[in-house]
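Data first, discussion second: the structure below is written as structure tokens.
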Amino acid sequence: MLTDLSFEEIKSYVKKIGLPEFRGEQIFDAIYSGKTLQEISNLSNALKDIIAEDYPKYKIEKCFTSKDGTKKYIIRFADDNIVECVLMKYKYGYTLCVSTQVGCRMGCKFCASTLYGLARNLSAGEILGQVLLVNRDLGGSLKKRMITNIVMMGSGEPLDNFDSVTKFIDLVSAGKGLNISQRNISLSTCGLVPQIYKLMEKDYNITLTISLHASEDEKRAEVMPIANRYKIAEIIKACKDYYEKTGRRIYFEYTLIKGVNDSEEDCLRLAKMLKGFNCHVNVIPLNEVKERTLKATSRLEAYKFADRLKALGLSATVRRTMGEDIAGACGQLRNKLLKSEN
Ligand code: SAH
């Protein structure tokens with residue numbers, strides 16, 4: 001698919017099929033402006049036929065708007081697989097939360113995305129396609145970038161789809177493209193240690209976010225099966241190495257689950273573990289998932305938890321909950337749609 005290719009690669013593609021170079025620029029412009037093949041006005045039908053097989057066929061299937069303005073998009077790909085992405089409006093611009101896989105195989109007990117396992121990886125172009133389609137929906141194009149920030153916190157484990165995800169980062173931050181600054185891109189992972197080291201080698205300026213959710217391994221393993229594979233100490237060591245190498249501050253996500261990880265001891269242990277490390281903790285009250293039994297800690301308790309971390313010397317905030325009325329937590333909406341389709 002053509003969205004998998006960089007500008008230079010699209011230029012070689014048109015050369016290979018015997019077209020002049022400027023056709024490459026036209027095709028690139030159309031793809032980055034989120035146009036369908038039919039909507040391209042400066043290519044003849046004969047030419048469109050030649051590139052039809054390779055031209056992207058993803059589309060926005062549905063869009064739900066929350067009371068708070070958050071939008072949830074359902075994107076459908078050529079093979080009929082669907083993913084969700086979520087658009088959030090902040091003072092400084094629009095942030096898009098993209099999916100990196102269809103489903104997920106990490107098995108976290110609180111998460112809706114992993115309920116039916118992994119269907120397949122997304123290609124770099126399919127991750128980028130989410131950005132291009134939503135950018136267009138906001139009235140943007142190649143030359144008019146509406147989306148300023150990207151977080152890879154939708155469905156899927158980004159580091160379990162390493163090659164596509166890194167190619168996506170290359171594409172979306174390319175000067176000849178949407179040119180989104182790597183400083184405005186966050187990658188969230190449940191902590192695949194070897195891949196964190198591999199990511200370091202890329203020397204990106206992106207923000208690495210770790211889904212920690214517990215301060216001791218046994219407790220983490222109760223909700224995150226990946227904890228049986230990598231110990232918290234190994235993850236923290238990788239984060240410290242990442243910080244040393246890239247100078248980028250690490251963010252930790254800590255989703256509060258009632259009676260599981262929200263006690264005073266949990267808080268103290270977390271503070272002790274991260275003290276002295278230049279990082280930030282995002283405290284998130286669990287977004288309850290219908291199919292799951294885990295319950296949320298109250299927002300008030302979440303503020304207390306974060307305040308306690310701050311009093312103990314950490315940088316911490318409670319994440320604002322957005323789009324709750326439109327099944328904001330990743331994977332929730334896809335599951336609902338899959339059920340209604342079957
Ligand atoms: N697989 C990656 C990215 C996707 S999940 C990761 O694990 O980081 C993005 C974030 O949302 C993670 O921190 C994840 O733990 C959190 N999350 C998933 N389901 C949630 C829920 N129901 N409520 C609150 N946070 C949730």
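Ligands are counted one by one from 1 in listed order, and the atoms in each one are counted from 1 as well.
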Note to self: With a 6.0 Å cut-off on the ring centroids, do Y73 and F64 count as close?
What the structure shows: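 No; F64 has its ring centre 6.0 Å or more from that of Y73.
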Between [Y] and [X], is there a side-chain donor-acceptor contact under 3.5 Å, judged purely by atom types and distance?
X    : Y    : result
S263 : D266 : yes
E157 : T100 : no
Q101 : N121 : yes

Notebook entry, point to check: Between I284 and ligand 1, is there a nitrogen or oxygen pair with a distance under 3.5 Å?
Noted result: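 Between I284 and ligand 1, no N or O pair is found under 3.5 Å apart.
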Next item on the list: Would you check the N or O atoms of F110, main chain and side chain alike, for any that come under 3.5 Å of an N or O of ligand 1?
Entry: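 Such a contact does occur with ligand 1.
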Next item on the list: Determine, considering heavy atoms only, which of H213, M153, E253 sits nearest to atom 15 (O) of ligand 1.
Entry: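 Checking each option, the heavy atom nearest atom 15 (O) of ligand 1 is found in H213.
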Notebook entry, point to check: To which of S155, S211, G191 does the heavy atom nearest atom 12 (C) of ligand 1 belong?
Noted result: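 Heavy atom nearest to atom 12 (C) of ligand 1 belongs to S211.
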Next item on the list: Have a look at ligand 1 and work out which part of V289, if any, has a heavy atom under 4.0 Å from it: side chain, backbone, both or neither.
Entry: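 V289 to ligand 1: side-chain contact only, backbone stays beyond 4.0 Å.
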Check: For ligand 1, which part of I210 has a heavy atom less than 4.0 Å away: the side chain, the backbone, both, or neither?
Finding: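 Within the 4.0 Å criterion, I210 makes no contact with ligand 1.
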Note to self: Once ring-ring contact (aromatic ring centres under 6.0 Å, His included) is applied, do any residues pair with Y251, and if so which ones, sequence neighbours excluded?
What the structure shows: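 Result, ring-ring contact (aromatic ring centres under 6.0 Å, His included) vs Y251: H280.
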Next item on the list: Could I get the full list of ring-ring contact (aromatic ring centres under 6.0 Å, His included) partners for F110, not counting sequence neighbours?
Entry: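 Residues passing ring-ring contact (aromatic ring centres under 6.0 Å, His included) with F110: H213.
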Check: Under a heavy-atom criterion of less than 4.0 Å, does G154 contact ligand 1?
Finding: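 Yes.
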Notebook entry, point to check: G156 heavy atoms, cut-off 4.0 Å: which ligand 1 atoms fall inside?
Noted result: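 Per the distance check, 1 (N), 2 (C), 3 (C), 4 (C).
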Item checked: Close-contact set for ligand 1 against C190 heavy atoms, below 4.0 Å ->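 Taking each heavy atom of C190 in turn, ligand 1 has 6 (C), 7 (O), 8 (O) under 4.0 Å.
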Check: Does Y242 share a hydrophobic cluster with L187, counting links as ILVMFWY side-chain heavy atoms below 4.5 Å and allowing steps through other members?
Finding: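 Yes, because Y242 and L187 connect within a single hydrophobic cluster, where side-chain heavy atoms sit under 4.5 Å apart.
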